[in-house]
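Working notes, structure below.
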Amino acid sequence: MTKTLADIAQDMAGIDIAILSTHTENGEIANRPMSNNGDVAYDGTSYYFSYEQARAVSDIQRDPKVALGFSSEAGLFSKGIYVAVEGTAELIRDKAAFQQHWTSDLDKWFDKGVDTPGIVLIKVKAKRVTYWKGRDEGEVKL
């Protein structure tokens, strides 16, 4: 049975950490964990806060093609799900957008909230979502 994006989103509910992969200036791939900030209702677009000077930001400015990896806590042959997302990232520097996606958990990373100097919001819009759940695997193109 092929899953829809809504099915996958339901399985992903509660997964807060994604591995964000970007292309570096020398053609390598860089990976880092990023928090969804509790914004886990997945519709194919996800948001991550970062600092302007972060490597992820300069990588995305140069090449907006990114990947995200998600994993629930359960093991490979249990109820867990693994999700790989290929998409395009956009850098947002608009305070109104920051407020839309802000949660109090972010205050420990950004001490002046949405007014923290050098803050940037990374928006990742999925083009393709691949999933593995037990023996079930498939792909959703968006």
Side-chain angles (χ1 to χ4, degrees), residues 2-134 136-142:
T2 306
K3 287 184 178 292
T4 64
L5 183 61
D7 295 331
I8 294 167
Q10 194 172 1
D11 288 330
M12 288 171 66
I15 301 176
D16 181 43
I17 301 295
I19 298 295
L20 170 65
S21 305
T22 56
H23 298 276
T24 67
E25 64 281 350
N26 60 3
E28 300 295 319
I29 295 173
N31 305 283
R32 79 277 296 149
M34 300 291 284
S35 171
N36 275 322
N37 319 308
D39 188 2
V40 292
Y42 191 66
D43 65 357
T45 305
S46 47
Y47 299 87
Y48 308 93
F49 282 94
S50 187
Y51 281 106
E52 201 65 62
Q53 68 268 26
R55 180 181 195 159
V57 172
S58 56
D59 285 353
I60 288 166
Q61 278 174 183
R62 202 174 29 261
D63 184 346
K65 288 188 183 129
V66 300
L68 293 168
F70 297 90
S71 170
S72 62
E73 288 185 33
L76 191 56
F77 292 105
S78 62
K79 302 280 186 235
I81 189 165
Y82 298 87
V83 179
V85 173
E86 295 167 46
T88 305
E90 180 187 338
L91 299 171
I92 298 170
R93 296 173 176 92
D94 173 45
K95 205 173 287 192
F98 296 169
Q99 284 166 331
Q100 253 182 309
H101 298 282
W102 197 263
T103 64
S104 58
D105 288 349
L106 289 163
D107 293 335
K108 63 180 171 257
W109 295 101
F110 305 98
D111 57 353
K112 291 188 172 72
V114 296
D115 296 314
T116 302
I119 195 172
V120 62
L121 183 61
I122 299 170
K123 173 184 176 181
V124 178
K125 188 163 178 33
K127 288 188 173 172
R128 186 167 80 148
V129 177
T130 309
Y131 64 89
W132 298 264
K133 185 174 183 182
D136 188 20
E137 66 179 81
E139 181 180 302
V140 177
K141 284 196 169 91
L142 303 173

Step by step, work out the side chain to side chain contact (heavy atoms under 4.5 Å, CB included) result for T116 and F98.
CA-CA 11 Å; T116 302; F98 296 169; over 6 Å; no
Between H23 and R62, does a side chain to side chain contact (heavy atoms under 4.5 Å, CB included) hold up when you go through it step by step?
CA-CA 8 Å; H23 298 276; R62 202 174 29 261; over 6 Å; no
Just do the side chain to side chain contact (heavy atoms under 4.5 Å, CB included) check on K123 and H101 with the steps written out, would you?
CA-CA 10 Å; K123 173 184 176 181; H101 298 282; over 6 Å; no
Go through it in stages, so that I can follow the logic: the residues are D59 and V57, the test is side chain to side chain contact (heavy atoms under 4.5 Å, CB included), and I'd like the CA-CA distance, side-chain angles, deciding distance and then a yes or no.
CA-CA 5 Å; D59 285 353; V57 172; over 6 Å; no
Might you work through the side chain to side chain donor-acceptor pair (under 3.5 Å) test for T4 and D7, ending with a clear yes or no?
CA-CA 5 Å; T4 64; D7 295 331; 3.3 Å; yes
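Proximity of I8 to V83: side-chain heavy atoms (C-beta onward) are separated by under 4.5 Å at one or more points. The shortest side-chain heavy-atom distance between P117 and K112 falls under the 4.5 Å cut-off. Counting heavy atoms from C-beta on, the side chains of W109 and D107 never come closer than 4.5 Å. Looking at I92 and V120, their side chains never come closer than 4.5 Å, going by heavy atoms from C-beta outward. For the pair L5 and L142, the minimum side-chain heavy-atom distance is below 4.5 Å. Proximity of N31 to L20: side-chain heavy atoms (C-beta onward) are nowhere separated by under 4.5 Å. K3 has its side chain within reach of D11: a pair of non-hydrogen atoms, C-beta onward, lies under 4.5 Å apart.
Smallest separation of non-hydrogen atoms from Y48 and S35: CD2-O, 3.2 Å. For the pair G80 and S72, the tightest heavy-atom approach, listed with the atom from each and the gap, is CA-OG, 3.0 Å. Here the closest non-hydrogen pair linking L68 and A18 is CD2-CB, 4.2 Å.
For the atom pair OH (Y131) and CG (D136), the distance works out to 4.5 Å, reported to the nearest 0.5 Å. To the nearest 0.5 Å, atoms CD (E52) and CD (Q61) are separated by 6.0 Å. Taking CE of M34 as the reference point, atom OG of S50 lies at 4.5 Å (rounded to 0.5 Å). Between the CD1 atom of I15 and the CD1 atom of I81 there is a distance of 7.0 Å, given to the nearest 0.5 Å. The distance from atom CD of E137 to atom OG1 of T130, rounded to the nearest 0.5 Å, is 9.0 Å. The distance from the CG atom of L91 to the CG atom of L121 is 9.0 Å, given to the nearest 0.5 Å.
The distance between the ring centers of W102 and F49 falls below 6.0 angstrom.
No hydrogens or angles considered: a donor-acceptor pair under 3.5 Å links the side chains of T24 and N26. Using a 3.5 Å distance cut-off with no hydrogens or angles, the side chains of Y47 and T45 do not pair a donor with an acceptor. Under 3.5 Å, the side chains of T22 and R55 contain no donor-acceptor pair of N or O atoms.
Enclosure of atom CD in Q10 is not indicated, since only 12 or fewer non-hydrogen atoms of other residues, nucleotides or ligands lie within 6.0 angstrom.
The residue from R128, K141, E139 that alone fulfils the side chain to side chain contact (heavy atoms under 4.5 Å, CB included) condition with E86 is R128.
Classification of D43 and K125 as a salt-bridged pair fails, no side-chain N sitting under 4.0 Å from a carboxylate O.
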